[in-house]
Amino acid sequence: MNDLDGASNPAIETKLWLAQRISAVILALMVFVHLGTIMYAVRDGLTAAEIIDRVGGHLGWALFYGLFVAALAVHAPIGIRAILAEITALPRKRIDLLCFMAAVLIAYLGYRVVRDFYALGSIA
Amino acid sequence: MSDQMLTVLVWRGTADKGRYIEYKVRGLENHTVLDVVTYIQRYLEPTLSYRFSCRVGMCGSCAMTVNGKPRWTCRSSVSKVAPGGKLKIAPLRSMKIIKDLSVEMSEFFDKLARAEGRFHPTSNRQNDFNHVKPDSVKRRLASDGIECIGCGICYASCDLVAWKSNYLGPAALNRAWTLVNDVRDGAHRKRLNAVAGDAGCHACHSQQGCVESCPKNLNPTASIAGLKRVTAIAVLKGELD
Ligand code: SF4
Ligand code: SF4
Ligand code: FES
C-alpha cells in the first residue's frame, strides 16, 4: 500500500529474506527438540521443581534457548515487517523502526527468561 | 449444454462509473465466451468495447474476468465455465478500465520492462551462433516458462498485485526467470537487482493463484522461487546493490 515512499534496496531485502529463511530452519529444528522434551517431561505430571531441576543452571539448555531466542528475534520481526508493509499505509521508515523495536523486545524478554532459569540452578 | 438462452451480465462503463447490463444470448454447444461477447457487440450493443485478436489462444489479448475468474475468453467454452447458462463478464482486475471490457495494460508491460524482461545480447552477427544444448539444465528451466503469451491473467489473479501496486507480478518475474537462465544474455546482474526486493520476488506469497489461472499451464511461482534462490546466492557474492 505504501508503495511509493522509498524504493526498496535489493541487497538489504534479499539479506533479510535470507535471514528469515535461515532462522526458520533453526526454529523448526529447535521447536522439534522443545516439543519433544515437553512430551518426554510431562509423561508423569509436570511440576515447577522438575522443570527447574532439568533446565536450571544447565549451560547446554541455556545455550539452546539462547539460540532459540536469537532466531525468534530475527524471524518474527521480518515477517511482521512484510505484513505491515502489505496491509497498512504506514511509512516504510516507521515500519522498520517498529520491527526493530519488536526485535529488541523479543531478544530482551527472551534473554531474561534464559538468564533467570540459568540463575535458578545455583539456588537449587 | 445443448442450445439454450444464456443470461449474460456485461460490465459497461469505466471503473468509477459503470454497471452490469444484462443481455440474452442464444448459446450454442460450441460457443466460447468470446463468441458471446462478439455476438452482443454485433447484434445487441454496437458500442461495446472489448479486445481480441487471434481467437486461438496465441495473442493473449482477449483476457476478461468470467464469473469471477480471469480467463482467456477465446478458449473458454461457455458450457465449461457457465454450466448453468449464467455468465458475468467483467474487465481484468488490477488494471485500469478504459471502457467496458478493455483495460489499460501499459502498467503490466512496464513491469515486464522494469523486471529487465528484455534480452540483452552479448554477440552480434559477426559472431558464430551460440550453442545452447537443448537438454542443459538452464535451457530446460528457461523452456518451462518461455511460452507466456502476456495475457495478464496471472497478474489479474494475484492478490498481491491488487494490494501492492508496485509489485512486479507473476508474468514479469516469470519472464525475468527465463532470461536469468538464458546463457546468451549479458545483463544478469542488472536483472537480479531489478527483481530482488519487496516489489519483486521476495514479496511473493507462493500460494500459486497465478499457477492456478495461467491458461498456458505455466508455473510463475516456481520461477519466482528460482529467482529467490539465485538472488540469495548473488547477495552472498556481493552482487546486489
Ligand atoms: S504465488 Fe506469488 S505471484 Fe503467484 S499469485 Fe501468489 S503472490 Fe502472486
Ligand atoms: S504467465 Fe500465463 S497467465 Fe501469466 S501472462 Fe503469461 S501466459 Fe498469461
Ligand atoms: S484472442 Fe488471442 S488469445 Fe484469445
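A quick note: this is a predicted structure, and the numbers were derived from the prediction, not measured. Per chain, numbering begins at 1; letters A, B, ... match sequence-line order.
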Atom pair [atom1] ([X]) and [atom2] ([Y]), whose distance is rounded to the nearest 0.5 Å:
| X | Y | atom1 | atom2 | value |
| --- | --- | --- | --- | --- |
| B/L236 | A/K15 | CG | NZ | 8.5 Å |
| B/I233 | A/T14 | CD1 | OG1 | 12.0 Å |
| B/D241 | A/I12 | CG | CD1 | 11.5 Å |
| B/H202 | A/L18 | NE2 | CG | 8.0 Å |
| B/T231 | A/W17 | OG1 | CH2 | 6.5 Å |

Count the heavy atoms belonging to other residues, nucleotides or ligands that lie under 6.0 Å from [atom1] of [X], then report whether that count exceeds 12.
| X | atom1 | value |
| --- | --- | --- |
| A/R94 | CZ | no |
| A/R112 | CZ | no |
| B/R19 | CZ | no |
| B/K69 | NZ | no |
| A/F64 | CZ | yes |
| A/F100 | CZ | no |

Task: Closest non-hydrogen atom pair, A/P10 against B/N193 - done: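 Looking at all heavy atoms of both residues, the closest pair is CG-O, 3.5 Å.
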Open item on the list: Would A/E86 and B/L160 count as a side-chain contact (heavy atoms from CB on, under 4.5 Å) here? Give the steps.
Closed with: CA-CA 8 Å; A/E86 219 170 271; B/L160 194 52; 3.3 Å; yes
Task: Side chains of A/R92 and B/D198 in contact at under 4.5 Å (non-hydrogen atoms) - done: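 Yes; the side chains approach each other to less than 4.5 Å.
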